[in-house]
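We number each residue from 1, following the sequence as shown.
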Amino acid sequence: MVAPSGRRTGAPDASAPSGTSGRGAGAAQAADAATPIVSGARTDDLGASPPAGPPAAWPALAIPAAALPGVGATRGRQLGAAGLRTVEQVLRHLPRRHEDRSRAVRLGEIREPGTYSACVTVLDVRESRPRPGLSLLQARIADGDVVLRAVWFNQGYLRRVVAPGARLLLHGRVAPDRGGGLAFRSAEVEVVRADRAATPGDPARGGDLLPVYPAVAGLAQRTLRTLVHAAVRGYAEFIPDTVPAGVRARLGLVPAATAWRGVHLPSSAAELEQARRAVVFEEIFHLQVGLLIRRRERAGAVRGFRTAPPGALTSCFLAALPFPLTGAQRRVLREIDLDLAQERPMYRLVQGDVGSGKTVVAAAAMLRAAEGGHQAALLAPTEILAEQHLLSLRRLYGSLCRVELLTGSTPRAARRRLVADLAAGNVAVLVGTHALLEPDVRFASLGLAVTDEQHRFGVRQRDALAAKGRCPDVLVLTATPIPRTLAMTLYGDLDVSLIDALPPGRRPVRTFTRPPASRERVYAFVRDLVRGGRQAFVVCPLIAAQTPTEDDIDGIEDGLPPSEGEEAAAAESFAQRLAAAMPDVRVGLLHGRMPPAVKEEVMSRFVAGEIGLLVATTVIEVGVDVPNAAAIVIEDADRFGLAQLHQLRGRVGRGPHTSYCILIARGSPQRLEVLTRTSDGFAIAEEDLRQRGPGEVLGTRQHGLPELALADPARDGGLLQEARDAARTLLAEDPLLQAPEHTYLRVAVEALFGRLRG
């Protein structure tokens, strides 16, 4: 055991850490996963092996994507870089939307930005190269008396068909141009015959509902569509049914192979909806089965140690706080105290909006572990956030316990000493990044595993940290407000607490949207603010300037691409421009590619007030606390999600000064107006979920949480409840999915959560 000072008082916990393998490439690989479905179990603690595995049909989907027609070495590398290495992964690259091209509008009907189809005549064409690496093909197009422009980036091959007098069917985004009008941007092109019937220029086109896929760098949308549809036509028949036949019949769900074909190649809106419903139910069902198994096993788990009641250390900590706890903080601490008094480990998610005081709650819980003679670990997604937590905890604890930091940047010699001290029980609280998950990081007695910003991590990473102890308590924090339906979907294995009040003194941030034309006035205001003694942030979506390509444009989910020749704001060039324009203001630069020592120096200078204006990327999204910062300008705000903008806005308004958030957006600002109306993070998250879907809101596609490829809890609440009910009924009859008819389901669940016990 470990004393609060870090001094070891007993024998170390002998349990070895489990591996930290990531999610398997697909269901066909799931049977080999070594990570247990139950947090805290080690792979050598698992029971009997799962069923022998699926019949031969499923491995057919695990063959390399290079087996698809048209995939050579170059395209294979492009697919692989996007995580599409097998046929199964290509099949699971689902459309982000379908475009209905059954009705082409007249150009005169296009009065605002959006996505349109139009049958036009090309009047004239101009090709230019504004700079190396960027070519522009521009055309004037007409429909009767109405004339618009169309522009294509780096698509010179279209010059063969985009020619004066050509009749074309264009489909794509229409956005404002520099002259104040509207223009088609990188539209897809189909040649129109004399009888006005469009000649399908897309060999994969299966009807008027055309799928649009998430972009893959280097592949045009048409090429990507052709490759995905080759996988569908050649291999969809091998997709097995994982939903029990009785459930599928009761709910009227089509077979899996039919559903996946219908999602990719629908012949009608009715077929698409029928297919989507089956795929949505399947993915929610897999998730609910796994979460219920985790929750059931955790309910029967017993800690490998006793948790002492609050004592002198906790009393000293609470008495020394420089501010009173809010009622919400006290309520959540009571819920944690009740958990810690139980024999079973705590598994609790604490949600709290920006600035609600989650760190203090976590600090109190970690001190409870130290007071009981155990250790605590706090896992953070970035080094900047981990360093902020270290400073906050040392300030809050004083001399009550020893707190240390471990990241990938910790020098080798210092790391060796720290790992040795940790294993000897001489460190009470360890804060760190993914470096905490390394196999040689061993705790003498891990009593509490805390994960901050949980949506940045995966289920396996959370479990890997907990597995370094003997069923320790688990506390999960998130400052991203999660709508109830989504929380139930993703975190159904956790108890949920909510810090729903802000500490007294927090001032609302005045939020405005402004077009790029107002940029000069915006920065004049910011300059005056900084010269008056305040500090400010400028956030850019890019680190360095990029040459826009068709793939960059296709990858923008939420807003409009920049005007031709005009790139998204880049932090490096913006910092240079602002420094030149404001010689009397100290301008700093911060982004994720900078060496850790440089990042730490920049942040230290900003906190100390030596830097007045900090230009940064979203690396400042969480954990940065500078009370003197009174303004944040977010460039290209329409490229960010609403919840992320709300997080960024939370970097200001932390002091006694009136604070401002200015969103500079190129396109229509309507999507951002919710931020100007409310500071309620949950209302903003609900709107973000409605607009973008769960995968984008929480970053599940990037960060390893069970993916929701199509499911939208805001829309699919009924199916969510059906899936939970069906999962409960199934597990009551077959708790470990050992029946032969559940073999496929077991493999699918293990692909999400790791190997089941039993």
request  = For F640 and T618, run side chain to side chain contact (heavy atoms under 4.5 Å, CB included): C-alpha distance rounded to whole Å, both residues' side-chain angles, the deciding distance at 0.1 Å, then the answer.
outcome  = CA-CA 10 Å; F640 298 97; T618 54; 3.4 Å; yes
query = With a 4.5 Å heavy-atom cut-off, do S135 and N154 have their side chains touching?
reply = yes
Residues forming a side chain to side chain contact (heavy atoms under 4.5 Å, CB included) with R77, sequence neighbours excluded = A73, T74
ask   = Roughly how far, to the nearest 0.5 Å, is CG of L136 from CD of Q155?
value = 11.0 Å
task = May I ask you to decide if L379's main-chain N or O and H434's side chain share a donor-acceptor pair within less than 3.5 Å?
result = no
query = Who passes side chain to side chain contact (heavy atoms under 4.5 Å, CB included) against L137, sequence neighbours left out?
reply = V125, E127, W152, L158, R159, V162
query = What class does the angle between the rings of F281 and F285 fall in, given that below 30° is parallel, 30 to 60° is tilted and above 60° is perpendicular?
reply = parallel
ask   = Got a second to check how far L94's CG is from W260's CH2, nearest 0.5 Å?
value = 4.5 Å
query = T617: what forms a side chain to side chain contact (heavy atoms under 4.5 Å, CB included) with it, not counting sequence neighbours?
reply = I543, A571, H591, V619
key: OG-CZ distance between S186 and R173, expressed to the nearest 0.5 angstrom   = 9.0 Å
inquiry  = Please evaluate residues L265 and V232 with respect to the criterion side chain to side chain contact (heavy atoms under 4.5 Å, CB included), reporting the C-alpha separation (whole Å), side-chain torsions for both, the decisive distance (0.1 Å), and the verdict.
reply    = CA-CA 8 Å; L265 287 166; V232 173; 4.1 Å; yes
Under 3.5 Å, which donor-acceptor pairs do the side chains of residues 729-736 form with other protein atoms, sequence neighbours left out?
| residue | atom | partner | partner atom | Å |
| --- | --- | --- | --- | --- |
| T729 | OG1 | D725 | O | 3.1 |
| D734 | OD1 | L737 | N | 3.2 |
| D734 | OD1 | Q738 | N | 2.9 |
| D734 | OD2 | Q738 | N | 3.1 |
| D734 | OD2 | A739 | N | 3.0 |
| D734 | OD2 | H742 | ND1 | 2.7 |

ask   = Between L227, L68, L79, which is the residue that forms a side chain to side chain contact (heavy atoms under 4.5 Å, CB included) with L84?
value = L79
task = Supply the atom-to-atom distance D638 CG to D636 CG, rounded to the nearest 0.5 angstrom.
result = 6.0 Å
key: Contact check, side chains of R294 and Y347, non-hydrogen atoms, under 4.5 Å   = no
task = Report the distance from atom OG of S117 to atom CG of L169, rounding to the nearest 0.5 Å.
result = 5.5 Å
message = So, using side chain to side chain donor-acceptor pair (under 3.5 Å) as the criterion, who are the partners of E271 when residues are at least two apart?
response = S267
query = Residues two or more places apart in sequence or in another chain: which of them pass side chain to side chain contact (heavy atoms under 4.5 Å, CB included) with R277?
reply = L251, L253, L719
ask   = So which heavy atom on T433 is nearest to which on G408, and how close?
value = OG1-N, 3.9 Å
key: Criterion side chain to side chain contact (heavy atoms under 4.5 Å, CB included) on I63 and Y235, from CA distance to verdict   = CA-CA 10 Å; I63 64 174; Y235 295 91; 3.2 Å; yes
inquiry  = Please check this pair: side chain of R85 against backbone of G80, looking for a donor-acceptor N/O pair closer than 3.5 Å.
reply    = yes
ask   = For the residue pair A544 and A570, what are the closest heavy atoms and their distance?
value = C-CB, 3.4 Å
inquiry  = On a heavy-atom basis, which atom in P266 and which in L209 lie closest, and how many Å separate them?
reply    = CG-CB, 4.1 Å
ask   = Are L224 and H93 side-chain neighbours, meaning at least one heavy-atom pair lies under 4.5 Å?
value = yes
task = Heavy atoms only: give me the nearest A256-I239 pair and the separation to one decimal.
result = CB-CG2, 4.0 Å
Backbone of T86 reached by a side-chain donor or acceptor of Q89 within 3.5 Å = yes
ask   = Minimum heavy-atom separation for R639 to P541, with atom names?
value = CD-CG, 4.0 Å
ask   = Would you call R746 and T743 a side-chain contact if the rule is heavy atoms closer than 4.5 Å?
value = no
ask   = Any donor-acceptor pair under 3.5 Å linking the side chain of R75 with the backbone of G70?
value = yes
query = Knowing that exactly one of R225, H98, H171 qualifies, which makes a side chain to side chain contact (heavy atoms under 4.5 Å, CB included) with L210?
reply = R225
Partner set under ring-ring contact (aromatic ring centres under 6.0 Å, His included) for H264, not counting sequence neighbours = Y213
remark   = Quick note, salt bridge (Lys or Arg N to Asp or Glu O under 4.0 Å) partners involving residues 245-264, not counting sequence neighbours, are D241-R248, R250-E722
ask   = What distance separates E282 CD from T242 OG1, expressed to the nearest 0.5 Å?
value = 4.0 Å
ask   = What residues, two or more places apart in sequence or in another chain, satisfy ring-ring contact (aromatic ring centres under 6.0 Å, His included) together with F184?
value = none
note = In short, P214 meets R96 closest at the heavy-atom pair CA-NH1, 3.7 Å
